[in-house]
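Just follow the structure's listing: the first ligand is 1, and inside any ligand the first atom is 1. Model, not experiment: these values are computed from the prediction.
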Amino acid sequence: MNDSELRSLLSDLSLEEKIGQLTQLPGYFQDAGTITGPAGDMGLTQDDLRLAGSYLSIIGAEKLKKMQTEFMAQHPHHIPLLFMADIINGYRTVFPIPLAQACTFNPELIEESAATAAREAAASGIHVTFSPMADLVRDARWGRVMESAGEDPFLSGQVAAAMVRGYQGSDLNEHGRIASCLKHFAGYGAPEGGRDYNTVELSERTLREDYLPAYQAAVDAGCALVMTSFNTLNRIPSAANEWLLREVLRREMGFDGMIISDWNALQELLAHGIAQDQPEAAFLALRAGVDMDMVSPVYARNLRELVEQGKVPMQWIDESVWRVLTLKNRLGLFEHPFRDADEAAEKTLLLAEENRRMARRCAEQSFVLLRNEENLLPLSGGEAVFIGPYADNALLNGAWSIFADDLDTVSLKAALQRRPQTRNVSVIRGCTLSDPEHPVIGFQHPLPPEDLDAEAALAEAVQAAKAAEKVVLCLGEHRECSGEAASRGDLSLPRCQLRLLDAVAAVNPRIIVVLFTGRPLDIRPLSEKAGSILLCWLPGTEGGEAVLNTLLGENNPGGKLSMSFPYCTGQAPVHYNHLNTGRPWKLGILDGRFGSKYQDIPNDPLYPFGYGLSYTTFACSPVTLSSSCMTRSSSIHASVSVTNTGRRAGTETLQLYIRDLSGSVARPVRELKGFRRIFLAPGESRTVTFTITEEMLRFYTLSMDYASECGDFDVFIGSDSRTDNGARFTLTE
Ligand code: NOJ
């Protein structure tokens with residue numbers, strides 16, 4: 001449709017039809033057919049279901065085509081539905097969780113992964129995904145950290161933008177693309193105490209400097225929708241925050257797409273205590289600029305009366321309906337209401353070999369080698385015994401892989417059995433994945449207890465460990481321990497797994513831990529007892545294959561941490577780009593009581609942001625600068641030469657950090673400003689050059705201008721955020 005056709009459609013709609021366009025309901029309301037259960041409890045009528053603008057979380061080409069056909073036939077203006085779903089790290093082929101994808105430091109690969117997910121989802125009839133989540137996270141207790149790109153604003157922005165490009169391509173109407181909904185605007189990743197949905201208090205400077213850039217990167221990449229966050233931001237829930245949505249998001253950040261609330265968030269304005277009743281909630285949200293109400297009765301039940309009473313101007317309604325219709329039009333739904341939904345394509349495309357290959361590549365690049373004493377890894381073949389609850393377990397998809405089937409996932413045991421050299425290795429469970437006294441709560445219910453004779457399992461593991469040359473211990477957190485509403489107050493591994501570790505370590509010190517998790521954990525016991533630790537996150541459908549390729553050295557791990565691993569839970573939140581304080585404390589430098597430190601633990605995380613080893617080694621030359629001075633209109637080149645000094649080919653990711661030594665407000669001790677992945681053969685050297693521009697030196701100054709200030713800067717280039725390989729330059733007018 002052209003714009004004037006769309007305008008005339010809008011002006012033709014009745015008020016009920018318009019309000020319908022602003023309402024999104026869950027697929028199971030339609031399945032029910034009649035108004036009972038939750039739809040009834042919400043006070044919705046058959047008309048609300050008949051006129052809704054969108055349904056979420058239903059999949060399948062056949063089903064969605066039928067639903068679309070029936071819906072359009074009965075709709076007074078035959079307006080097609082938008083189908084949305086959470087395609088977070090893959091649809092049927094599951095990729096590593098986003099936090100792991102960020103460890104690849106490879107935006108191109110992330111883009112391709114998102115494009116693969118989009119093709120699969122589009123074939124099943126999906127039009128919009130609720131991804132990327134660009135919420136910056138510094139606290140590993142927050143369960144949704146798995147869905148983020150970690151603690152760094154720059155890396156988070158690169159990841160979010162890559163995902164948007166991958167889902168949407170250059171035109172939403174392209175075959176195999178879906179629209180991307182950026183979430184959760186804003187600050188959802190900073191809840192007090194790491195508890196999901198909790199209060200967020202951020203100064204405007206911190207919000208703008210650290211939290212907004214990743215969202216901005218996704219907006220700049222053209223995301224079609226934005227979802228508001230559940231939390232209050234400085235006491236105002238995002239779904240009612242006019243300043244945040246209209247002033248910051250739309251006017252300053254330049255977002256002109258559709259804004260949707262998060263699930264039931266408009267109803268929750270009552271619990272937040274800023275709306276007395278539903279009509280007030282509807283008024284506040286529409287005034288703030290929320291176009292579509294996700295799964296609450298607030299718009300559907302109240303907007304009509306508010307318009308009739310003259311409390312809500314028709315113009316607000318029309319603006320929001322216009323955005324919904326525009327999105328439908330951009331997706332080509334008026335001409336092709338089924339879009340790419342195609343039963344035949346579903347059969348050939350979902351879990352296609354090339355999609356699995358892509359998932360494998362992505363998983364392999366996301367693995368982070370945290371330790372490798374005495375080169376315990378790689379294995380030379382079948383010399384190790386595999387022990388632990390993840391050794392034979394297909395629960396390798398992240399918590400959001402709601403449309404995938406675990407039966408499609410390759411476990412480590414399955415991968416071992418596929419290869420002649422590992423076919424006969426012993427695989428022993430050793431203990432349960434979770435402690436019986438801490439039942440894991442799934443989305444709805446506690447999961448059934450695992451069935452195992454704990455003593456016999458431990459004895460069997462010890463016996464096998466004693467006899468083996470090396471032990472591969474496959475440990476970690478249950479996937480349901482991270483994700484939405486899965487915050488934790490203790491980041492330790494389950495007690496039963498620590499007991500297994502102790503028992504095995506007592507008989508065989510040659511331990512390689514393969515760690516599966518959705519978040520950084522307190523892994524001090526692993527660092528003490530295991531010679532090698534390979535962090536594999538929740539690697540997805542091809543997890544087992546990717547892990548085995550890596551253990552055997554067919555893949556040389558090169559991932560770098562997208563988030564620090566805290567020393568212990570009490571250290572969270574911890575992040576590398578902190579301020580210096582007036583009393584910075586470094587062992588041996590400022591000793592005594594009055595430094596900024598803990599009495600019982602170090603300040604530094606156990607493994608810092610950007611950290612990751614390889615089966616080979618790299619040497620990096622000192623930083624050379626093209627000049628030690630730059631002006632606002634010039635730039636400086638900072639270079640290092642990096643050499644593969646080991647015996648295997650491998651990838652190193654060089655990271656550029658900058659520190660502003662003095663400003664009108666306190667500046668972080670360093671900030672990531674660029675990175676480069678380079679693949680080097682043994683003995684090979686390459687010069688890597690970063691261009692430093694004035695733009696990279698900007699921040700929110702005392703007067704809240706986004707500007708640079710003249711003075712000295714340190715530039716560091718190295719293999720992680722702790723590098724002290726640096727040089728100094730001065731910015732002058
Ligand atoms: C709630 C979550 O916060 C959001 O991220 C998700 O996209 C929606 N539910 C829809 O499932």
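- Between the choices M227, H184, M294, the shortest heavy-atom distance to atom 5 (O) of ligand 1 belongs to H184.
- For M84, no heavy-atom contact with ligand 1 is shorter than 4.0 Å.
- Under the 6.0 Å cut-off for aromatic ring centres, F83 and Y55 do not qualify, their centroids lying 6.0 Å or more apart.
- Remark: ligand 1 atoms within the under-4.0 Å shell around heavy atoms of F130 are 7 (O), 10 (C).
- At a 4.0 Å cut-off, not a single heavy atom of M133 sits close enough to ligand 1 to count as contact.
- Scored by the salt bridge (charged side-chain N to carboxylate O under 4.0 Å, His left out) test, E108 finds no partners at all (sequence neighbours excluded).
- Between R301 and D293 there is no salt bridge, since no side-chain N of the basic residue sits under 4.0 Å from a carboxylate O of the acidic one.
- With D291 as the partner, the salt bridge (Lys or Arg N to Asp or Glu O under 4.0 Å) test is satisfied by one option alone out of R246, R250, K18: R250.
- Counting heavy atoms only, D262 comes closest to atom 9 (N) of ligand 1 of the residues D262, V295, D86.
- Between F130 and W263, a ring centre-to-centre spacing not shorter than 6.0 Å is recorded.
- Not one N or O of S57 is nearer than 3.5 Å to an N or O of ligand 1, by distance alone.
- Residue K183 approaches ligand 1 through these ligand atoms, each under 4.0 Å from one of its heavy atoms: 4 (C), 5 (O), 6 (C), 7 (O).
- Other residues, nucleotides and ligands place no more than 12 heavy atoms under 6.0 Å from the NE2 atom of H438.
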